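For clarity, every value in this text was computed on a predicted model and none was experimentally measured. For the single chain, residues carry numbers from 1 onward in sequence order.
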Amino acid sequence: MKLKIKSRDGAGRTGIMQIDGGVEANIPNIVYFDTDRFKPPDFAEIVGVYDDRETGGKVRIRYPEHPWLDRDIYPASMPSRFHSTVEEENQIIIPCNMEAIVNVKRNNKINLLANLVSIYPRSRQFVKNVVEIREKAGYGALLLAPGIANAQNLSLLVYMGIDLVDVTSAILWARKGMMFFPEGMVHSKDMEELSCDCPSCRKVRSPSDMDFKDIMMHNIHVMNQELKRVRYAISTGRLRELVESRISSSPELAEKFRILNEEFYQFLEERTPVSRRTKLKAVLLDSLNYPEVKRFRERLLERYTKPEGASILLLLPCSAKKPYSLSKSHRKFREAILSCDNHHIVHEVIVTSPLGIVPRELENFYPADSYDIPVTGHWFEDEKRMIRDTFREYIKRNHYDVIVSHLPESLNEVIMEEISDVLATCIDNPVSKKSLDRLRDVLKDSISQYNRAIKPSERFRNSIKSMMMYQFGRKVAEELMDSCDRIKGSFPNVRIYGKGKLLASFSPDRRMFSLSIEGARFLFSNRVYTVKVADGFDIRGSILAPGVLAADEDIRIEDEVAVVRDDRICGVGIARMNGKEMMDMDYGEAVKIRYHT
C-alpha cells in the first residue's frame with residue numbers, strides 16, 4: 001500500500017491511499033458495503049466485500065463473511081481465539097484488547113480495529129487503545145474503525161488518528177428509525193418537518209413517510225457530507241474547531257475529547273506544528289490543555305531565560321489585538337515605560353489565558369501572536385490555577401529584584417497568592433489616567449535605584465538571545481549569539497551576522513527564526529533538529545521521506561532543521577513532517593530546503 005499525505009491536523013490527515021495495483025482513494029474516507037442486500041452509492045471510493053466480487057475500479061477491503069460472529073465486530077468478552085491478530089495481503093485485523101495491542105508492529109497496511117463496538121462506551125479505554133495502536137502501527141499505516149462512526153463523532157474519530165470508518169452504524173440505526181445529523185441523532189417520528197436536503201429527504205413529504213431504506217440512505221449522505229467538512233477542516237488547520245462544535249451537545253464525546261487532550265498530550269503534541277497561519281480559538285476551558293498551548297508553557301519554563309540585565313518585572317494584562325504591542329492599551333503602557341530613564345532594565349510580561357504568561361520577546365511567536373479568547377472579566381478557577389502554577393515556576397527560574405503589577409485586581413490577587421511583595425499600580429482600569437500615572441511613578445522610583453544603564457543595543461541583543469533560547473534551546477542560542485558580531489535591522493525584520501556571514505533572520509511570516517547554512521551548524525554541532533540523509537544523496541528543493549536515514553524525534557512540523565550528509569552539514573530547511581514520520585513514511589516531502597551546499 002502506498003500512502004501520500006497532503007495535510008495534517010491533530011492526528012487527522014488527508015491524502016491518497018493506493019492499493020490493488022494502482023487503485024486510489026482519498027483519506028479520510030468511508031467504507032461502503034457491497035452485498036446482495038446493500039449496494040455502495042455512486043460516490044463511494046472504498047468498498048467492503050465479504051467475497052471475491054469485483055468492485056468496479058474502487059478500493060476493495062475484505063470483510064469477514066459473518067462480521068457479527070467473526071473478527072471485526074464482536075464483544076470484548078468473547079473467548080481468547082477471537083483476540084488474535086490476523087494478517088492478510090493489504091490489511092491486518094487487530095483486536096482492540098491490550099494483550100493484542102502490545103504486539104502491534106509498524107506496518108504500511110490497513111489496520112482493522114476489531115471489537116471497538118464493545119470498547120467505545122468506555123471512553124478512557126477506547127481513547128487509550130486507539131492512541132496506542134496509532135503509535136505502534138506508525139504513520140505509514142491506516143486505521144479502520146468499523147461499527148462506531150456516525151455524523152456527529154466522525155470528526156473526533158479522525159482527530160484521534162482514525163483514517164477509515166464504515167457505514168455499519170448508519171445501517172443499524174436506520175433499522176431503529178434514527179436519522180443522523182452532525183448535531184446528533186433524531187428519530188424520524190419525532191421530526192415535524194425535514195431539515196435535510198439530501199436525495200432521500202427530497203423525495204418524501206415528511207419524515208413519517210420515510211422507510212428503512214430512505215433513512216439508511218439519508219444517514220449515508222449525511223456522513224458523506226460530514227466527511228467533506230472534515231477533509232476541508234484538516235486542510236485549513238481547523239479540525240479541532242469542528243470537533244468542538246460537534247461535541248458541545250454530547251457529554252459522551254466531550255468526555256473522550258477531554259481524555260485525549262489531558263492524558264495523551266505527547267501523542268497530540270508530536271503531531272502539532274510549531275507554527276500555523278490560522279488563529280487559535282481558545283473558546284473552551286479545554287484550551288488550557290491544547291498541545292500548542294501546553295508546549296508554549298513547557299518551552300517557556302524549560303528553555304527560555306529572561307534577557308540579561310532585566311531586573312524589574314512588569315506584569316501587564318493581555319489585549320484583544322495580537323501581537324499585544326499593536327493594541328491601544330499596550331501602546332499606552334509603552335509610553336509610560338519609555339518616559340523613564342534606563343527603561344531597558346524593565347522586563348514586560350503579559351499575563352493571559354490560556355498561555356499563562358508571555359514575555360514581550362515572545363509575543364510574535366505562535367501561538368502568542370494569534371489566539372482569541374472570550375473576554376468577560378471573569379476568571380475560572382482552572383485558569384487561575386494555571387496562571388498561578390506557571391508564574392510560580394517562572395519566578396523560580398528567573399530572578400527579579402522588583403515586581404510591579406499593572407494587572408486588574410482579580411488577576412493581581414492570583415499573582416499575590418504566590419508573591420506578596422508586589423508593587424500594584426492599577427487603581428481602577430489599567431488604561432485610566434490614574435493607573436498610568438501611578439505606573440509611571442512606580443517605575444521611575446524603582447529604576448532610580450540602579451546606577452548602571454542598560455544600552456538599547458545590549459538589551460536588543462539579549463532579547464534576541466532569549467527568543468532563540470525559546471526556539472532552539474539554551475545551548476544552541478548561547479553558542480549562536482556568542483558567534484554574532486553584528487545585528488542589522490529592527491524587530492521583526494532583524495538579521496544576525498557572524499564574521500560577515502548571515503547566521504539567522506526572523507521570519508514575520510513563519511513567526512520564528514530562519515537559519516542559514518552557517519547558523520544551522522549550531523544545530524548540527526549540538527545534534528538537535530538534524531536530519532541525516534544517505535551519503536551521496538543529491539540535495540535539491542526538497543528531501544523526500546525515503547531519503548531520510550535518521551531524524552531527531554524532537555523535530556516538529558515547521559521546525560528549522562539541519563540536513564547532514566557524510567557527517568557534514570549540507571542543507572537547512574523547514575520540516576514538513578515530524579521526526580518520527582520522516583522515518584516511517586515511504587512517500588512525501590520531509591524537508592523543504594532553503595539553502596544547500
For this session: Return yes if some donor-acceptor pair links the side-chain N/O of Ser327 with the main-chain N/O of Ser319 below 3.5 Å, else return no.
Result: no

Exercise. How about Arg277 and Tyr366: do any of their side-chain heavy atoms sit closer than 4.5 Å?
Worked result: no

Problem set entry | Closest heavy-atom pair and its distance - Cys340, Leu443 | SG-CB, 3.8 Å

For this session: Would you please name every residue forming a ring pair (Phe, Tyr, Trp, His ring centres under 6.0 Å) with Phe365, sequence neighbours left out?
Result: Tyr470, Phe506

For this session: Salt-bridge test for Lys384 and Glu413: reply yes if a basic N is under 4.0 Å from a carboxylate O, no otherwise.
Result: no

Exercise. Under 3.5 Å, is there a donor-acceptor pair between the side chain of Arg510 and the main chain of Ile574?
Worked result: no

Exercise. Do Lys256 and Ser123 meet the criterion of a side-chain donor-acceptor pair at a distance under 3.5 Å?
Worked result: yes

Problem set entry | Passing candidate, side chain to side chain contact (heavy atoms under 4.5 Å, CB included) with Val130, options Ile162, Leu157, Leu260 | Ile162

Problem set entry | Side chain to side chain, Arg134 and Arg271, heavy atoms closer than 4.5 Å | yes

Problem set entry | Whether over 12 other heavy atoms sit under 6.0 Å from Glu262 CD | yes

Problem set entry | Neighbour count >12 (heavy atoms, 6.0 Å) for atom CZ, Arg124 | no

Problem set entry | Minimum side-chain heavy-atom gap Ser325-Arg334 below 4.5 Å | no

For this session: For Arg299, check side chain to side chain donor-acceptor pair (under 3.5 Å) against everything at least two apart and list the hits.
Result: none

Problem set entry | Contacts of type side-chain contact (heavy atoms from CB on, under 4.5 Å), residue Lys501, not counting sequence neighbours | Glu518

For this session: Check whether any side-chain N or O of Ser287 sits under 3.5 Å from a backbone N or O of Leu284 as a donor-acceptor pair, and report yes or no.
Result: yes

For this session: Go through the structure and list residues passing side chain to side chain donor-acceptor pair (under 3.5 Å) with Asn289, not counting sequence neighbours.
Result: none

Exercise. Heavy atoms, side chains only, cut-off 4.5 Å: are Leu315 and Ile403 in contact?
Worked result: yes

Exercise. Quick one: does Leu523's side chain get under 4.5 Å of Val572's, heavy atoms only?
Worked result: no

For this session: Evaluate the side-chain proximity of Glu383 to Pro354: yes if any heavy-atom separation is below 4.5 Å, no if none is.
Result: no

Seminar exercise, completed: Here the pair of heavy atoms bringing Cys318 nearest to Tyr371 is CB-OH, 4.0 Å

Problem set entry | Partner residues of His378 under the ring pair (Phe, Tyr, Trp, His ring centres under 6.0 Å) criterion, sequence neighbours left out | Phe380

Problem set entry | Close side-chain approach of Leu154 and Arg229, heavy atoms under 4.5 Å | no

Exercise. Mind checking what makes side chain to side chain donor-acceptor pair (under 3.5 Å) contact with Asn364, not counting sequence neighbours?
Worked result: none

Exercise. With Ala545, which residues qualify under side-chain contact (heavy atoms from CB on, under 4.5 Å), at least two apart?
Worked result: Met577, Met585

Exercise. Taking His330 as the fixed residue, which of Arg360, Glu348, Lys321 is the one that meets the side chain to side chain donor-acceptor pair (under 3.5 Å) rule?
Worked result: Arg360

For this session: Begin with the C-alpha distance, continue with both residues' side-chain angles, and end with the deciding distance and a verdict on side chain to side chain donor-acceptor pair (under 3.5 Å) for Ser542 and Glu589.
Result: CA-CA 6 Å; Ser542 296; Glu589 184 183 41; 2.5 Å; yes

For this session: Kindly write out the residues that satisfy side-chain contact (heavy atoms from CB on, under 4.5 Å) with Glu553, not counting sequence neighbours, or none if the list is empty.
Result: Lys580

Problem set entry | Closest heavy-atom pair and its distance - Ala504, Met468 | CB-CE, 3.7 Å

Exercise. Judged by atom type as modelled, is there a donor-acceptor pair below 3.5 Å linking the side chain of Arg295 to the main-chain atoms of Thr272?
Worked result: yes

Problem set entry | Side chain Thr425, main chain Ser405, donor-acceptor under 3.5 Å | yes

For this session: Mark yes when over 12 heavy atoms from residues, nucleotides or ligands other than Arg568 sit less than 6.0 Å from its CZ; otherwise mark no.
Result: no

Exercise. By side-chain contact (heavy atoms from CB on, under 4.5 Å), which residues pair with Ser435, not counting sequence neighbours?
Worked result: His406, Cys426, Ile427, Asp428, Ser432

Exercise. Taking only residues two or more places apart in sequence, or in another chain, which ones meet Arg331 in a side chain to side chain donor-acceptor pair (under 3.5 Å)?
Worked result: none

For this session: Over all heavy atoms of both residues, which pair between Tyr529 and Ile555 is shortest? Give the atoms and the distance, please.
Result: CA-CG1, 3.9 Å

For this session: Tell me, please, which residues at least two apart from Tyr450 pass ring pair (Phe, Tyr, Trp, His ring centres under 6.0 Å).
Result: none

Exercise. Val404 and Ile312: which non-hydrogen atoms are nearest, and at how many Å?
Worked result: CG2-CG2, 4.1 Å

For this session: Output yes when a side-chain donor or acceptor of Asn526 lies under 3.5 Å from a complementary backbone atom of Phe522, and no otherwise.
Result: yes

For this session: Would you check if Phe333 and Leu314 make a side-chain contact, meaning some heavy-atom pair closer than 4.5 Å?
Result: no

Problem set entry | For Asp485, all residues meeting salt bridge (Lys or Arg N to Asp or Glu O under 4.0 Å), sequence neighbours excluded | none

Exercise. Which heavy atom of Met582 sits nearest a heavy atom of Val591, and at what distance?
Worked result: CE-CG2, 3.9 Å

Problem set entry | Any donor-acceptor pair under 3.5 Å from Arg240 side chain to Tyr159 backbone | no

Problem set entry | Arg13 side-chain N/O to Tyr139 backbone N/O, donor-acceptor pair under 3.5 Å | yes

Problem set entry | Backbone of Leu156 reached by a side-chain donor or acceptor of Asn153 within 3.5 Å | no

Problem set entry | Electrostatic pair Arg258-Asp286, nearest N-O below 4.0 angstrom | yes

